[in-house]
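Below, each value reflects all heavy atoms present in this structure, side chains not excepted, and no hydrogens, waters or symmetry copies.
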Amino acid sequence: MVTGMGFCLPGTSRPVFSADDVWDVASRGASCLVHGDVYYGAVDLSPAMFDARLPDIPPAFSRHYTNAHRYGLVSLVEACSDAGLDFRAGDLTGAAVLAGRGGVDTNVGPYLAVLEADPLTTSSQEAMELFVRGQQGLTPSDVSLVQSAVLRSTGPCFTVSCGCASSAVQVGTARQMIAGGVADLAVVSGVDLFGVDVILNVQRLLRSAQGAYEAVRVEGMPELLPSFDRLMRPYDRRADCVNHGEGAATLILESREHADRRGARAYGQVLAHAMTRDGLVNPLASDDSGTALVDAVRQCLGDRWDLSQVPYIHGGSDGDVVVTAFEANAAKQLYGPDSDLVMTSQEACFGHNGAPAGCVGVALSLLMMERGQVCPTANCEEPADGLPFDPVPGTSTRPLDFDYALTCNYQIGGVKNVILVGGPDAV
């Protein structure tokens, strides 16, 4: 059962923290991307916002936090509050703490600081500060490390890194752990930052690399290298770029018995999970036939559920035409060319932020199910030709009564991750 959700995502006037905040943005198809030299989704979390939620962390640790730490901790605190759990009172002591991390941007600074420090000229106090900074921040397990300390957790704690599918995989892991009796409560977070300075330099490098790319391009790879200086438009006929962002999203998952024991309200359930890969030798390409995504959906549904029960899919399109192609081809194979399938993406609300996408997709799918309204695809105004699904263009929600939904996330290299979610009483 999903009993809590919390966020630290880009907003318009302030960061998005709660389920209501996320709904306010997504239900309007609003885009929180800011345009400088590139479009980017920035969280802009102030020190005061962080301190208001976590005033009691010893400064010996907190002064060495990166933004990944801060975003992950804020989304955790928000999710605990939403679930009615008091971590200071020990409500999550036995929880499994599972994190998804795709990028390493915030790990580079602590790593270089330790690497470049001169032992001969570094004072003992400076050496201690570097040690704490490095231990907390130079590995991908950075967020789970500080989250588990805040919760005083004695349960399983580990990080999975598989790009934009990272937290989605951890949602599936949490479901398996709860079903297997390993834990009855799990905290799942996705946290990533794609630094603007890195994106700007990648933009410059890609412009120089286009000629060489054309010489080595093979089937399954787009004609043009990506660009970040135009607005991302998933499922739109003008889609030709991806905009990145940063942030965190956390879900609280519990066994039904644990949730019932404490009288918790449930948004819904995580019912099944599956992951496949295209099987291509090229580590950067995807098979646009959609075959691997079809396999993942069928594995996820198994013999227990039927596609006729799933009228909505939360897509993972980030504006990349290759992603739209394999999603469209998969939908045709699964539902036929003229179905009533509704499939939307809210990636353009907050930017393509990597690891948080899985938790955000589960959260939004359950919120839509709860409200009986499907959020539009942000920045989709003119749907691409030949889409075998309704992407709900525009800025208004679409009424839809449904008890089951699939949510999809992908990793570069052809990984396809699918989760089936259902309402609180779905079987």
Between Asn417 and His273, is any side-chain donor less than 3.5 angstrom from a side-chain acceptor?
yes
Leu364 and Val22, any side-chain heavy atoms less than 4.5 Å apart:
yes
List the atom of Thr250, the atom of Gly72, and the distance in Å for their closest heavy-atom pair.
OG1-O, 4.2 Å
Determine, step by step, whether Ser144 and Thr159 satisfy the side chain to side chain donor-acceptor pair (under 3.5 Å) criterion, reporting the C-alpha distance in whole Å, the side-chain angles of both residues, the deciding distance to 0.1 Å, and the verdict.
CA-CA 7 Å; Ser144 60; Thr159 301; 3.0 Å; yes
Can you tell me if Gln346 uses its side chain to pair, donor with acceptor, with the backbone of Ala26 under 3.5 Å?
no
Any chance CG of Asp340 has more than 12 other-residue heavy atoms, nucleotides or ligands included, within less than 6.0 Å?
no
Is the backbone N or O of Gly6 less than 3.5 Å from a side-chain atom of Asp82, with the two atoms forming a donor-acceptor pair by type?
no
If only side-chain N and O atoms count, and only distance matters, is there a donor-acceptor pair under 3.5 Å linking Thr344 with Thr377?
no
With rounding to the nearest 0.5 angstrom, report the CG to CZ distance, Asp184 to Arg261.
6.0 Å
How far does OG of Ser75 sit from CE of Met5, to the nearest 0.5 angstrom?
12.5 Å
Below 4.5 Å, heavy atoms only, C-beta onward: do Leu301 and Leu307 meet side chain to side chain?
yes
Can you tell me if Tyr40 uses its side chain to pair, donor with acceptor, with the backbone of Phe194 under 3.5 Å?
yes
State which residue, out of Asp295, Asp278, Asp287, fulfils the side chain to side chain donor-acceptor pair (under 3.5 Å) condition with Lys416.
Asp278
Can you check side chain to side chain contact (heavy atoms under 4.5 Å, CB included) on Leu73 and Gln147, steps first, answer last?
CA-CA 6 Å; Leu73 287 171; Gln147 284 185 332; 4.1 Å; yes
Using modelled atom types only, decide if a donor and an acceptor are shared between the side chain of Asp192 and the backbone of Gly354 within a distance under 3.5 Å.
no
Find out whether Arg175 and Val171 are in side-chain contact, i.e. whether some heavy atom of one side chain is under 4.5 Å from a heavy atom of the other.
no
Would you say Phe61 and Gln135 make side-chain contact, with heavy atoms under 4.5 Å?
no
Can you confirm whether more than 12 heavy atoms, excluding those of Asp306, are under 6.0 Å from its CG atom?
yes
Taking all heavy atoms of Pro10 and all of Val16, pick out the closest pair and write down the distance.
O-CG2, 3.5 Å
For Asp24, I'd like to know if atom CG has over 12 heavy atoms of other residues, nucleotides or ligands within 6.0 Å.
yes
d(His64 NE2, Leu130 CG) to nearest 0.5 Å is 8.0 Å
Electrostatic pair Asp44-Arg14, nearest N-O below 4.0 angstrom:
no
What pair of heavy atoms forms the shortest contact from Gly190 to Pro356, and how long is it?
O-CG, 3.4 Å
More than 12 foreign heavy atoms under 6.0 Å from CZ of Phe158: is that the case here?
yes
Lys/Arg cation over aromatic Phe17: Arg53, 6.0 Å, 45° cone
yes
With rounding to the nearest 0.5 Å, note down the distance linking CZ in Phe87 to CG in Leu92.
9.0 Å
Could Arg238 and Asp236 be called an ion pair, given the rule that one side-chain N must be under 4.0 Å from one carboxylate O?
yes
Is there side-chain contact between Cys300 and Val297, with heavy atoms separated by less than 4.5 Å?
no
Is there a side-chain contact between Arg101 and Val143 in this structure, where contact means two heavy atoms from C-beta onward sitting under 4.5 Å apart?
yes
More than 12 heavy atoms of other groups within 6.0 Å of Phe402 CZ:
yes
Mark yes or no for whether Asn329, through its side chain, and Ala325, through its backbone, hold a donor-acceptor pair below 3.5 Å.
yes
Just so I know, are the side chains of Val418 and Leu293 near enough to count as touching, which here means a heavy-atom distance under 4.5 Å?
yes
OG of Ser166 to CG of Leu98, rounded to nearest 0.5 Å, is 12.5 Å
Phe389 ring center within less than 6.0 Å of Tyr335 ring center
no
How far apart are the C-alpha atoms of His314 and Cys408, what are their side-chain angles, what is the distance that settles it, and do they pass the side chain to side chain contact (heavy atoms under 4.5 Å, CB included) test?
CA-CA 6 Å; His314 188 266; Cys408 304; over 6 Å; no
State, without any angle test, whether Ser27 and Gln373 hold a side-chain donor-acceptor pair at a distance under 3.5 Å.
no
Judged by atom type as modelled, is there a donor-acceptor pair below 3.5 Å linking the side chain of Thr106 to the main-chain atoms of Asn67?
no
Please confirm whether the backbone N or O of Ala292 pairs with a side-chain atom of Thr276, one donor and one acceptor, at under 3.5 Å?
yes
Beyond-backbone contact of Leu138 with Leu112, side-chain heavy atoms, under 4.5 angstrom
no
So Glu370 and Tyr267, side chain to side chain donor-acceptor pair (under 3.5 Å) or not? Walk me through it.
CA-CA 7 Å; Glu370 182 181 68; Tyr267 287 100; over 6 Å; no
Ser255 and His258: side chain to side chain donor-acceptor pair (under 3.5 Å), yes or no, with the steps?
CA-CA 5 Å; Ser255 67; His258 189 275; 5.5 Å; no
Give a yes or no on whether the backbone of Cys32 and the side-chain of Thr12 come within a donor-acceptor separation of less than 3.5 Å.
no
Are any side-chain N or O atoms of Arg230 and backbone N or O atoms of Val242, one a donor and one an acceptor, separated by less than 3.5 Å?
no
Do you know which two heavy atoms are closest between Val360 and Ala249, and how far apart they sit?
CG2-CB, 3.7 Å
I want to know whether Tyr404 and Tyr312 have ring centres closer than 6.0 Å.
no
Could you check Glu327 against Ser317 for side chain to side chain donor-acceptor pair (under 3.5 Å), going step by step and ending with a plain yes or no?
CA-CA 8 Å; Glu327 286 187 331; Ser317 180; 4.6 Å; no
Which heavy atom in Val322 sits nearest to a heavy atom in Ser286, and how many Å separate them?
CG1-CB, 4.1 Å
Should Phe326 and Tyr410 be marked as a ring-ring contact (aromatic ring centres under 6.0 Å, His included) after you check the CA-CA gap, both sets of side-chain angles, and the distance that decides it?
CA-CA 11 Å; Phe326 68 64; Tyr410 318 113; 4.9 Å; yes
In short, Gln269 meets Gly423 closest at the heavy-atom pair NE2-O, 2.8 Å
Under 4.0 Å between a side-chain nitrogen and a carboxylate oxygen: does that hold for Asp91 and Arg262?
no
Check the pair Val25, Phe350 against side chain to side chain contact (heavy atoms under 4.5 Å, CB included), reporting the backbone distance first and the verdict last.
CA-CA 9 Å; Val25 172; Phe350 311 109; 3.8 Å; yes
Centre of Tyr235's six-membered ring, under 6.0 Å away, within 45 degrees of the axis: is that where NZ or CZ of Arg233 sits?
no
With a 4.0 Å cut-off, would you call Asp20 and Arg371 a salt bridge?
yes
Between Glu382 and Arg237, is there a donor-acceptor pair closer than 3.5 Å when you use the side chain of the first and the backbone of the second?
no
Nearest-0.5 Å distance, CD of residue Gln136 to CG of residue Leu145
6.5 Å
